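Labels below follow one simple rule: chain letters A, B, ... track the order of the sequence lines, proteins then strands, and each chain is numbered from 1. All values reported here derive from a predicted model rather than from experimental measurement.
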Amino acid sequence: MNELVVETDGLTKRYGDRLAVNRVSMTVVRGEVYGFLGPNGAGKTTTLRMMLGLIRPTAGSARILGLPAGSPDVTARIGALIEGPGFYPYLSGRDNLRTLARYQSLPSTEVDRVLEMVDLTDRAKDAFKGYSLGMKQRLGVAAAMLGDPDLLVLDEPTNGLDPAGMADMRALVVSLAEAGQTVILSSHILAEVQEICDRVGVINDGRLLRESTVAELRGGATLRVRATPEDAALAAVMRIAGDEGVRRVGDGTLEVDLPATAAPEVVRQLVTDSIDVHEVTVAERSLEDVFFEMTGSETSRKKEVVS
Amino acid sequence: MNALVNSTRAELLRLRKWSAVWVIVGAWLALSLSFGYVFNYVAYKTGDDNFAGDGASNAQLLAGLMPSAIPDVIVSGLPMFGGALAMVVGALVAGNGFGWGTWKTVFTQGPSRYASVGGSLVAVTLFVLTMMVATLALSAGVSVVIAVSEGQTVSMPALGDLARAFGAGFLVLEMWALLGFLVGVLAKGPALAVGLGLVWSLVVENLLRGVGSLLSGIETVTEALPGTAGGSLAGAVVGGPNGTPGVLDAISGERALITVAAYVAVAAVAAVVVMRRRDLV
Ligand SMILES: Nc1ncnc2c1ncn2[C@@H]1O[C@H](COP(=O)(O)OP(=O)(O)OP(=O)(O)O)[C@@H](O)[C@H]1O
Ligand SMILES: [Mg+2]
């Protein structure tokens, strides 16, 4: 069950002086939705291109479905939408898919199936060049799904979609995942990743910073306690959270490594010790906080909840 | 092999539905009709010896319009006009795939890059063949109509002559189409490829041949150029320059044949090799 669908080893791509991708070693397991998260220019698309054999790594390697990336046996079993759809503008949506289906000798029923899945059946007869941005993107996802691939690689599939279209796209990915489809989904939309991905790889500046489940990445919540006198409060809270579990963060506030459910116990202890409790808050880290912390693109912000 | 057949079928589907390439075929047939038949026919009818040919007599003009002259007619326009149009087709087929991102899409479908690019080349070749068949059909149709309407006996050319002309014409077109394809691949786009290709085939080669007749050093270079080879191959079929631009006798027919075939092979192999190793973004 833990079969590795993707395994990259020190994947590196250099463009001139710039390391677009820097020794990325990542793994994707069969059946999971893997979120590939990173800010603009982080190296997501470049990494995916190397996985598909569209570009050759400067160093390192990628094995997809147990075979070297880019070998025909692999590409036949992958469906991909990489940085925007590439279609013949003069052909209709359907004829574009029919053309692609011929490369794999798929029947025309397969074209109908994927058109239906992205809700484009009504407009399938229209020329691709007349499609709206969102329709083009949906046709790209349809093309990726042709032939029921073992691995679906979607590079920012919700790009250009309106809120309803985004929701549809997420629902589609979720339903595919429920059917056991392995998906790599690159995105810089955190809510999207948090909502539909099992595991995430965070990439910034070409380096894979971390690879773990969404829950692991967010880590546990912490409590913030403001009480006086501070020294007495520190001693009291340490009896519950341990010496290592409490830190002074200034402003008469203590940061406690305990979940929200521990708040009543902490308050009770402080009151028992005759300490004045001014405020207890739960600081829950969202994926966004973690992301900004890791990528350093913005100081982390805390969501304050008064309890 | 299967992958090559699949790729060819896919590429044929999208070529068949591409109006741009049919516009080019239409333009070619209109050119063939005009220069091969209409102008000469008008000249014959009006009896003005100096209008079309260089003092060609009316009898000569009529002979050129008869079915027996089909081999000469289908080949004459190819070295320059047909070749230029075929090159545009090749450059469009290969070059547009970069801007549209369709090479990227095709290369993730399953067939190897060899098979995908090979299929595209086979499809272009079949397209060139279609262009030749259409040219032949047009010539046959028009010349028979003229012969009948002028009360001449309809005598068809010898099959061997016809096959020779058809083969030579096909090779010349194929050479230009594949050279266009290669330039489209190298330029990663159709615009530069079409522009450079046309300037080369229509202008630069002619200028070089002009200079070459003055300087023998350049002549050895011009004799190896595709335009010279294609023109001389056509010239060998029609029996020397016949007044149509591009039809030459600069090199022997045999050498022309070898040179044209070599260009076809080199262009095809080079296009596949370049595409196989290229990073596609
Ligand atoms: N063909 C190329 N030539 C030169 N530099 C490139 C090329 N492709 C990518 N890069 C550089 O590599 C880096 C990573 O680009 P990449 O497209 O992989 O980022 P990304 O994570 O997909 O970003 P986005 O979210 O904006 O799509 C960027 O700095 C980019 O400028
Ligand atoms: Mg990208």
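The aromatic rings of Y90(A) and W18(B) sit parallel to each other, their planes meeting at less than 30°, with 60° as the upper class boundary.
With a 4.5 Å cut-off on non-hydrogen atoms, R278(B) touches chain A through its backbone but not through its side chain. Contact of I78(A) with chain B is made through the backbone alone, with heavy-atom distances under 4.5 Å. For K13(A), the part lying under 4.5 angstrom from a heavy atom of chain B is the side chain only. In this structure, chain B has no heavy atom under 4.5 Å from any part of R77(A).
Checked by atom type and distance alone, the side chain of R102(A) pairs as donor or acceptor with a backbone atom of R9(B) at under 3.5 Å. The backbone N or O of Q109(B) sits nowhere less than 3.5 Å from a side-chain atom of T75(A) that would complete a donor-acceptor pair. Between the side chain of R49(A) and the backbone N or O of V281(B) there is no donor-acceptor pair closer than 3.5 Å.
Residue R16(B) places its CZ atom among more than 12 non-hydrogen atoms of other residues, nucleotides or ligands, all under 6.0 Å distant. In this structure, R113(A) places its CZ atom where more than 12 heavy-atom neighbours from other residues, nucleotides or ligands lie under 6.0 Å away.
The pair K17(B)-D95(A) counts as a salt bridge, with a side-chain nitrogen and a carboxylate oxygen less than 4.0 angstrom apart.
Of the listed residues (L13(B), T108(B), T105(B)), the greatest number of heavy-atom pairs within a distance under 4.5 Å of chain A belongs to L13(B). The candidate with the highest count of non-hydrogen atom pairs below 4.5 Å against chain B, out of L52(A), L100(A), N96(A), is L100(A).
Looking at every heavy atom in both residues, E83(A) comes nearest to K104(B) through O-NZ, 3.5 Å. Across every non-hydrogen atom of P72(A) and S112(B), the tightest pair is CG-CB, 3.5 Å. Closest non-hydrogen pair, T102(B) versus F87(A), comes out as CG2-C, 3.3 Å. Minimum heavy-atom separation, Y103(A) to A10(B): CE1-CB, 3.3 Å.
Interatomic distance, CG of D279(B) versus OH of Y15(A), reported as 5.5 Å (0.5 Å rounding).
At least one side-chain heavy atom of R14(B) sits under 4.5 Å from a side-chain heavy atom of L91(A).
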